[in-house]
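Here's the structure, in structure tokens; my notes come after.
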Protein chains: 2
Amino acid sequence: MVLPMKRATIKDVAALAGVSSSAVSRSFGDGTHVSKATRRKVLAAAETLGYRPNALARSLVGARTGLVALVVGRLRSPFDSLFVDALAESLIGVGKHLLLSPVRGDQRADDGLMRALDYQVDAVVVAAGTMSPEVADRFARMGVPLILSGRVVDGAGIDCVLADNAGGAAKAAELLLRTGCKRIAYIGRGHGAFSDDERRRGLRDTLRRLGLDIVAEARAAVDREDGHPLGMELLSGPDRPNGIFCMNDALAVGVIEAARDLGLRLPEDLAVVGFDDIPLAAAGSYQLTTVAYPIQPTVAAIVETLEDRLAGADWPSRVIRIPTRLVVRGTTRRLERAVGTRTEG
Amino acid sequence: MVLPMKRATIKDVAALAGVSSSAVSRSFGDGTHVSKATRRKVLAAAETLGYRPNALARSLVGARTGLVALVVGRLRSPFDSLFVDALAESLIGVGKHLLLSPVRGDQRADDGLMRALDYQVDAVVVAAGTMSPEVADRFARMGVPLILSGRVVDGAGIDCVLADNAGGAAKAAELLLRTGCKRIAYIGRGHGAFSDDERRRGLRDTLRRLGLDIVAEARAAVDREDGHPLGMELLSGPDRPNGIFCMNDALAVGVIEAARDLGLRLPEDLAVVGFDDIPLAAAGSYQLTTVAYPIQPTVAAIVETLEDRLAGADWPSRVIRIPTRLVVRGTTRRLERAVGTRTEG
DNA sequence: TCAAGCACTGCAAACGTTACCAATTCTGTT
DNA sequence: AACAGAATTGGTAACGTTTGCAGTGCTTGA
């Protein structure tokens, strides 16, 4: 085995180029205060030695680390993984790197947040878990921006980016009503989950405005595997709903399968609307009508907020709602051509 | 806005506890060379100040950073995201953190690898992209372990962890033959993709041993969206295959949809076998027979290898094959009870 | 009582980098 | 030719931590 070679440092480069280490440092910076000639020499020497600045040592003297932590739960929904992917990619674009800080179950995000702090991250994006006020306060005091994805926490001065859940749910409700559904049910996560709550409320408020209400609710689920039994339960009761709005597409897919198992025809006997627009929703076997929650704008808003904060913006706090878009496919009857919605499939 | 507070350092703790910074450092280390009384004082002071050691400063003096980079492509397959998730979680378990280094398309992984090096990562797991020998050599010289997931590179002394692709493909082939398929096709990625190649070869070798051969091949695809058109193409030709082995489940799902669009009955007219066993394969709508590539053992092998290397193991290189398991579901005819395979659904 | 040994403690150097400051060289103007 | 000012350069301190070394006080055995 070859002897592990020590990594070239700024001093090695300085020695080879015949200049001071300051000159080397400056050559790798914004290029000011170095003559072209020196810079060329330095870069050549660095190339020879295979030198690359140590990002960690850099951060010690006050520079940013370039690390951004993402506190995230289990990546079981395709939406989550697309989100992680898009965020990581987007961050590379602004010279930052994603440090993954997974938390499990409904456990507090605090552990993940504190771990992130040990690495002097420039900012943290929280997409899962609940956060104690103490930890949030700590981040505020230390000047580390905290961005909440998919949830709003009032008062703590934390920036939040999330879907226009109520608006999306309203669109879903209107579509269901338009296509003639009268008995509309909701399936969601329950237990005070934030997006779930907003979506359920959005559905309910829209129905009530028209003198209706949610006829049935099922909860404590978030996965396709969970959608199936809940769908079975809801659909084999006496007052079977003829329209179901699901908190997300994964659940909706489970419900579709349950409906099929029961011999129901979609959309004739049952209309289903999901939320997110995961790739599977467009699959031939499901053709799920859904409220699309576009990932790119979400990630863009997060990265932008993050950069604003790091640039020193100090407005109190910002809640960005990402507009949703109704995508009508096969699981809702097409009674009329909907206005302002996209139709595909 | 509250003035950003400086983070407490070891000196602040030392001052408050009335001891030297060495004592503080030692109190946070393995606990040797500190009296119980001192340690208690230090820990109390640290608690008061909310002190946590700076992981980055630590790494400057030679300690490990605790960072492990994962070079990964677009997380479009559920398999990929489950892998990332499991790896991140597993690393937390051994006190390490995942730094995501995404690369796009078929671009070289070199960029991602070099970026990782800037952060003094303890090791790198490469799951996507191709690697130049120069970069691999550089890692070797610097003593940073490199672990390849899903591919084997000979000679470079790099540890590799991947599925027993040939064995899995052979199982798929045998199952297809056993259920009476004679015209068997393959759909994969092509362009010399490693796993694709091994799986195709595994299928072909098994067929040839029985005097048959692959009757048709389609390639340049890896997604469910890609599976559909390829399936259409393959299934509407003159000599329609009655069995298709797909490089992964996502493709297989696309193929199933194509078959349905063409009015073919599964498994009577067409048998389909996938690879990976993503959650969707078990879904009611697909019931896909597949070669399961278990994620937990894969991740465990990676983490174990990584720890061995970091502990100084210097055997030349190690290729770990993760055994696969045939999961028989609805997309293959059940002619007989298969021996040594699991049946579900 | 004394020496030897031990447990504990603090000092200071080192890690790789940046930024301030002072010193030097260059450029252009009179 | 002399000077002001700008551009460039090197020296040095600082960032937060660990660690080797040397010192301190305490215990123990003779």
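Note that these values count all heavy atoms, side chains included, but never hydrogens, waters or copies made by symmetry. A note on names: the letters A, B, ... follow the listed sequences, proteins ahead of strands, and every chain is numbered from 1.
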Q | Polar pair under 3.5 Å, donor/acceptor by atom type, side chain B/Ser22, base C/dC11 | A | yes
Q. Could a donor-acceptor pair under 3.5 angstrom be found where the side chain of A/Ser21 meets the base of D/dG10?
A. no
Q) Within the side chain of B/Arg309, is there an N or O that forms a donor-acceptor pair under 3.5 Å with the backbone of B/Ile147? A) no
Of the listed nucleotides [options], the one nearest the side chain of [X]:
X	options	answer
B/Ala57	C/dT9, D/dT17, C/dC21	D/dT17
A/Ser35	C/dT18, D/dT9, D/dT17	D/dT9
B/Asn54	D/dA14, D/dG16, C/dT9	D/dG16
A/Val61	C/dT18, D/dT9, C/dG10	C/dT18
B/Leu60	C/dG16, D/dT18, C/dT9	C/dG16
B/Ser20	C/dG10, C/dC8, D/dG16	C/dG10
A/Val34	C/dC8, D/dT9, D/dT18	D/dT9
A/Val19	C/dG16, C/dT9, D/dG10	D/dG10

Q. Would you say the side-chain atoms of A/Ser25 and A/Ser22 include a donor-acceptor pair closer than 3.5 Å?
A. no
Q | No-hydrogen, no-angle side-chain donor-acceptor test under 3.5 Å, A/Ser132 and A/Asp110 | A | yes
Below 4.0 angstrom from OP1 or OP2 of [N], is there any side-chain N or O of [X]?
X	N	answer
A/Thr38	D/dT9	yes
B/Lys11	D/dT18	no
B/Tyr51	D/dT17	yes
A/Lys41	D/dT9	no

Of the non-hydrogen atoms in [X] and [Y], which two are nearest, and what is the gap between them?
X	Y	value
A/Ser59	A/Thr65	CB-CG2, 3.4 Å
A/Val126	A/Leu113	CG2-CD2, 3.8 Å
A/Val71	A/Gly112	CG2-C, 4.2 Å

Between [N] ([atom2]) and [X] ([atom1]): distance, integer Å:
X	N	atom1	atom2	answer
B/Leu56	D/dC15	CG	P	16 Å
A/Ile10	D/dG11	CD1	P	14 Å
B/Asp118	C/dG16	CG	P	15 Å
A/Tyr119	D/dC15	OH	P	23 Å
A/His33	C/dA23	NE2	P	18 Å
B/Arg39	C/dT9	CZ	P	12 Å
B/Lys36	C/dA7	NZ	C1'	13 Å
B/Arg26	C/dC11	CZ	P	11 Å

Q | B/Tyr51 and B/Phe28 aromatic ring geometry - parallel, tilted or perpendicular at 30°/60° bounds | A | perpendicular
**Q.** Degree of bending, the helix from C/dT1-D/dA30 to C/dT30-D/dA1 (end axes from five pairs; round to 10°)
**A.** 40°
Q) With sequence neighbours left out, what residues match A/Ile320 under side-chain contact (heavy atoms from CB on, under 4.5 Å)? A) A/Val161, A/Ala301, A/Thr305, A/Arg318, A/Ile322
(Q) Looking at B/Arg141 and B/Asp137, is there a salt bridge between them, counting it only when a charged N and a carboxylate O are closer than 4.0 Å? (A) yes
Q.
By the 4.0 Å heavy-atom rule, please label B/Ser25 as base, sugar-phosphate, or nothing.
A. base
Q: Give B/Ala23 one of three labels, base, sugar-phosphate or nothing, depending on what nucleic acid heavy atoms sit under 4.0 Å from its own.
A: sugar-phosphate
